Amino acid sequence: MDQALHFLTDAALLRLREQLAGDPEYRQVRTEEAALRAQLRRRYSRQVRQAVLDAVDAESALSAMETERAFLLGLQLGLSLGRLSLLPNE
């Protein structure tokens, strides 16, 4: 990913997290997540937890790639529509 796109996606993610921080439901889910994570630490060995985290990381990487491709497709569609003059002039 080039640096400009990386900057844009990082800025969008940061802004999204800032907005979510004010959402009571989001804060509740974060609290529940922390409690579940603590329960996992008590219940399972470090080796098992690491294996689970590795699997989750792999799934997250795939999801990030899919999201990036969808974003790029949206940009491409926007550029294509702009070239075809299908968007209203403002």
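A quick note: this is a predicted structure, and the numbers were derived from the prediction, not measured.
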- Take atom OH in Y26; do more than 12 heavy atoms of anything else shown fall under 6.0 Å from it? yes

- Rounded to the nearest 0.5 angstrom, the CZ-CG distance for R15 and D10 is 15.5 Å

- Message: Measuring from atom CG of L62 to atom OG1 of T67, what distance do you get when rounded to the nearest 0.5 angstrom?
- Response: 10.5 Å

- Query: Under a single-linkage rule joining Ile, Leu, Val, Met, Phe, Trp and Tyr whose side-chain heavy atoms are separated by less than 4.5 Å, which residues share a cluster with L14?
  - Reply: none

- Which residue pairs satisfy the salt bridge (charged side-chain N to carboxylate O under 4.0 Å, His left out) criterion with at least one member in residues 30-41, sequence neighbours excluded? E33-R37

- Item | Those residues that, when tested against R17, pass salt bridge (Lys or Arg N to Asp or Glu O under 4.0 Å) (two or more places apart) | none

- Item | R42: partners by side-chain contact (heavy atoms from CB on, under 4.5 Å), with sequence neighbours left out | A38, Q39

- Those residues at least two apart in sequence (or on a different chain) that pass side-chain contact (heavy atoms from CB on, under 4.5 Å) with E25 are D23

- Item | Listed once per pair and sorted, the side-chain hydrogen bond (donor to acceptor under 3.5 Å, both in side chains) pairs that draw on residues 45-65, sequence neighbours left out | Q50-D54

- Task: Determine the minimum heavy-atom distance between P24 and G22, stating which atoms define it.
- Result: CD-O, 3.4 Å

